[in-house]
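Treat the numbers as computed from the prediction; the structure is a model and nothing was measured. Heavy-atom basis, side chains included; hydrogens, waters and symmetry copies ignored. Residue numbering restarts at 1 for every chain, and letters A, B, ... go by the order of the sequence lines.
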Number of protein chains: 2
Amino acid sequence: MDPDRAYERAELLKAFAHPTRLQILAELGKGTRCVTDMEDILPVTQVNISQHLTVLRNAKLVDFAQDGGTRCYYLSRPKLVEGVLSLITADHPVIRKTKEQIDREKTKGGKERVAVRG
Amino acid sequence: MDPDRAYERAELLKAFAHPTRLQILAELGKGTRCVTDMEDILPVTQVNISQHLTVLRNAKLVDFAQDGGTRCYYLSRPKLVEGVLSLITADHPVIRKTKEQIDREKTKGGKERVAVRG
DNA sequence: TTACGTTATAAGAAGATTCTAATATAATCA
DNA sequence: TGATTATATTAGAATCTTCTTATAACGTAA
């Protein structure tokens with residue numbers, strides 16, 4: 001992965017990487033919500049929710065449609081958001097490898113993982 | 001999503017959310033690597049790589065097997081790491097919704113939501 | 001217009017993260 | 001043993017992020 005792409009992907013992940021923002025995204029996964037809806041659910045101030053929504057908007061994870069005085073927020077890349085939420089929610093058992101296992105893997109195929117031999 | 005889980009999931013995502021760490025994870029996705037392997041590829045110091053590996057280890061995203069003086073690092077939750085990398089690498093078109101679309105979704109009674117005003 | 005409800009922005013302190021420099025530890029080699 | 005190679009830790013400054021307080025902007029209703 002080249003550094004420029006790594007940088008922009010890290011920026012995207014940073015937008016996800018906050019408890020309040022994760023809760024906002026999970027809530028928007030259930031449907032459109034305005035800021036007062038979120039105030040009822042999250043234990044943080046309106047100002048703070050608004051600030052987090054700004055971060056999420058800048059990352060293009062959410063957007064809103066104006067409805068009179070309120071703003072209806074929704075996921076603007078639902079597949080991405082739901083994919084990430086689903087991955088981090090799932091259980092992923094932690095595996096362990098011994099030096100011997102690693103040696104065996106290496107002989108089965110090189111660094112580049114090009115098929116060398118069966 | 002309850003706040004405690006949101007907090008721990010945000011911690012996990014923070015481990016991903018750095019350009020150098022993403023590059024390390026992408027590299028480990030290709031196979032086991034020791035620190036000097038990574039030094040050859042990444043434009044950062046050995047000390048810094050080691051620090052990032054500590055973050056990744058604490059998040060249980062990587063682990064290592066000792067091989068004499070070197071440490072063979074590998075992904076300890078490869079499905080999780082590869083899933084996240086694949087999601088953020090893929091193109092996810094940004095969608096936009098109008099107030100009217102949102103209203104229509106609501107009346108179709110799709111997903112659950114909180115009480116709607118007016 | 002004024003008042004109210006809803007959401008956003010600004011400024012700054014507090015806290016967390018990251019990088020650099022120096023050093024430490026551990027295994028291997030001569 | 002001392003030198004060398006490989007990796008980790010510590011400490012601190014620089015930087016970034018977050019939260020708080022105060023306030024601004026916008027839409028609707030009276």
Task: Face-on cation placement of A/R71 at A/F64 ring, 6.0 Å and 45° thresholds - done: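 Judged by the rule, A/R71 and A/F64 form a cation-pi pair.
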Open item on the list: Suppose we screen for side chain to side chain contact (heavy atoms under 4.5 Å, CB included). Which residues come up paired with B/T36, at least two apart in sequence or across chains?
Closed with: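 Only B/C34, B/E39 meet the side chain to side chain contact (heavy atoms under 4.5 Å, CB included) criterion with B/T36.
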Looking only at side-chain N and O atoms, does [X] come under 4.0 Å of OP1 or OP2 in [N]?
X	N	answer
A/T54	C/dT9	yes
A/R71	C/dA8	yes
A/Y73	C/dA8	yes
A/T45	D/dC19	no

Counting side-chain heavy atoms from CB outward, which of [options] is closest to [X]?
X	options	result
A/R21	D/dT20, D/dT18, C/dA8	D/dT18
A/Q46	D/dC19, D/dT18, C/dT7	C/dT7
A/H18	D/dT18, C/dA8, D/dA8	D/dT18
B/K14	C/dA16, C/dT7, D/dC19	C/dA16

Between [N] atom [atom2] and [X] atom [atom1], what is the distance in whole Å?
X	N	atom1	atom2	result
B/K99	C/dT6	NZ	P	16 Å
B/M38	D/dA6	CE	P	14 Å
B/I49	D/dT7	CD1	C1'	11 Å
B/L13	D/dT17	CG	P	16 Å
B/E11	D/dT18	CD	C1'	14 Å

- [ ] Would you mind checking if B/E27 and B/K30 are paired as a salt bridge, meaning a charged N to carboxylate O distance below 4.0 Å?
- [x]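 Looking at B/E27 together with B/K30, the answer is yes, because their closest N to O distance falls below 4.0 Å.
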Which part of the nucleic acid, if any, lies within reach of [X] when heavy atoms closer than 4.0 Å are counted: base, sugar-phosphate only, or nothing?
X	result
A/V47	base
A/F64	nothing
B/T70	sugar-phosphate

- [ ] Would you mind telling me which residue lines up with the more 5' stretch of DNA chain D, B/T36 or B/Q51, judged by nearest nucleotide?
- [x]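 Result: B/T36.
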TODO: Identify, between B/E39 and A/Q66, the residue whose nearest nucleotide on DNA chain D lies closer to the 5' end.
DONE: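 The residue mapped nearer the 5' terminus is B/E39.
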Open item on the list: Taking atom CZ as the centre, does A/R57 end up with more than 12 heavy-atom neighbours from other residues, nucleotides or ligands that are less than 6.0 angstrom away?
Closed with: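 It does: A/R57 CZ has more than 12 such atoms within range.
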Task: Residue pairs, two or more places apart or on separate chains, that pass side chain to side chain donor-acceptor pair (under 3.5 Å) and touch residues 8-26 of chain B - done: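 Counting only pairs at least two positions apart or across chains, the side chain to side chain donor-acceptor pair (under 3.5 Å) contacts touching residues 8-26 of chain B are B/E11-B/K14, B/R21-B/H52.
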